[in-house]
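All residue numbers refer to positions in the sequence shown, counting from 1.
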Amino acid sequence: MRFLFLFLLSYALFSCSNDFREITAISEINGAWGNDKESFIIDTERMTISYPDSVLITLSSRIYDRSKITASIGSVMLYDAHVFINSDGSSIKITKINKKESSIYLKK
């Protein structure tokens, strides 16, 4: 029991040290990303998100708020989200505004 407590405490301290900041340019999130549930590729030149075996999703960002993105298919909006990146660029956090969920993805 003591080992489990120490493990959870060290995990909490380590995860707190992995600070995220808002992205300042959409190009910061270019590349392949994934976690244990899903993976995708963000192409910031074509402004698309592609999931394996899925329809190509259009990505848009705002000039006045670079950290906010919108993902859509045609005229159907899938979600608005704020995107955060850690200091070394190895992981991003996407917080979906209209679904109240947040996920962390590692660079592949």
Side-chain angles (χ1 to χ4, degrees):
M1 187 63 140
R2 185 175 184 187
F3 174 75
L4 180 63
F5 174 76
L6 290 174
F7 174 76
L8 292 174
L9 180 64
S10 64
Y11 178 76
L13 292 174
F14 176 75
S15 63
C16 290
S17 68
N18 197 5
D19 293 329
F20 287 90
R21 62 166 175 81
E22 290 184 346
I23 61 170
T24 55
I26 194 73
S27 61
E28 290 181 273
I29 61 172
N30 194 54
W33 302 93
N35 61 18
D36 57 343
K37 296 179 184 176
E38 63 185 335
S39 62
F40 52 89
I41 298 172
I42 298 176
D43 184 344
T44 56
E45 287 185 27
R46 295 184 333 161
M47 293 300 285
T48 59
I49 302 173
S50 57
Y51 290 88
D53 303 326
S54 182
V55 178
L56 199 61
I57 297 171
T58 304
L59 175 68
S60 60
S61 68
R62 291 153 179 79
I63 294 172
Y64 58 88
D65 188 0
R66 292 285 182 196
S67 70
K68 190 173 181 184
I69 62 167
T70 300
S72 61
I73 299 174
S75 61
V76 178
M77 183 188 79
L78 299 176
Y79 60 85
D80 276 332
H82 286 285
V83 182
F84 305 89
I85 193 164
N86 67 345
S87 60
D88 65 357
S90 64
S91 62
I92 59 173
K93 179 169 65 169
I94 299 177
T95 304
K96 294 179 181 175
I97 298 167
N98 54 341
K99 294 186 179 183
K100 303 290 185 202
E101 66 183 52
S102 183
S103 300
I104 295 177
Y105 303 95
L106 300 175
K107 187 126 186 168
K108 290 188 170 193

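Both Ile57 and Ile92 are part of a single hydrophobic cluster, where members link through side-chain heavy atoms under 4.5 Å apart. Ile29 and Leu56 sit in two unconnected hydrophobic clusters of ILVMFWY residues. Membership requires side-chain heavy atoms under 4.5 Å apart, directly or through other members. Grouping the Ile, Leu, Val, Met, Phe, Trp and Tyr side chains by contacts below 4.5 angstrom, directly or via other members, places Leu59 with Phe40. Ile97 and Val76 fall into different hydrophobic clusters, where Ile, Leu, Val, Met, Phe, Trp and Tyr are joined by side-chain heavy atoms under 4.5 Å apart, directly or via other members. Clustering ILVMFWY residues whenever any of their side-chain heavy atoms sit less than 4.5 angstrom apart, transitively, puts Trp33 in the very cluster that holds Ile94.
Sorted by first and then second residue, the salt bridge (Lys or Arg N to Asp or Glu O under 4.0 Å) pairs involving residues 21-36 (not counting sequence neighbours) are Arg21-Glu28. Pairs engaging residues 64-92 under the ring-ring contact (aromatic ring centres under 6.0 Å, His included) rule: none recorded [sequence neighbours left out]. For residues 40-61, the salt bridge (Lys or Arg N to Asp or Glu O under 4.0 Å) pairs, not counting sequence neighbours, are Asp43-Arg46. Counting only residues at least two apart or on different chains, the salt bridge (Lys or Arg N to Asp or Glu O under 4.0 Å) pairs with a member in residues 59-72 are Arg62-Asp80.
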Using distance only, find each side-chain donor-acceptor pair of residues 99-108 under 3.5 Å and give its atom names and separation, not counting sequence neighbours.
residue, atom, partner, partner atom, Å
Ser102, OG, Thr95, OG1, 3.2
Tyr105, OH, Glu38, OE2, 2.5
Lys107, NZ, Asn30, O, 2.9

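A heavy-atom distance below 4.5 Å is found between the side chains of Ile69 and Ile26. Side-chain contact between Met77 and Thr70 is present, with at least one heavy-atom pair separated by less than 4.5 Å.
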Query raised in the report: Could you walk me through whether Asn86 and Asp19 pass the side chain to side chain contact (heavy atoms under 4.5 Å, CB included) check?
Result: CA-CA 6 Å; Asn86 67 345; Asp19 293 329; over 6 Å; no

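Of all the heavy atoms in Ser39 and Pro52, the pair that sits closest is O-CD, 3.2 Å. Nearest heavy-atom pair, Ile23 versus Ser67, reported as atom, atom and distance to 0.1 Å: CG1-CA, 3.6 Å.
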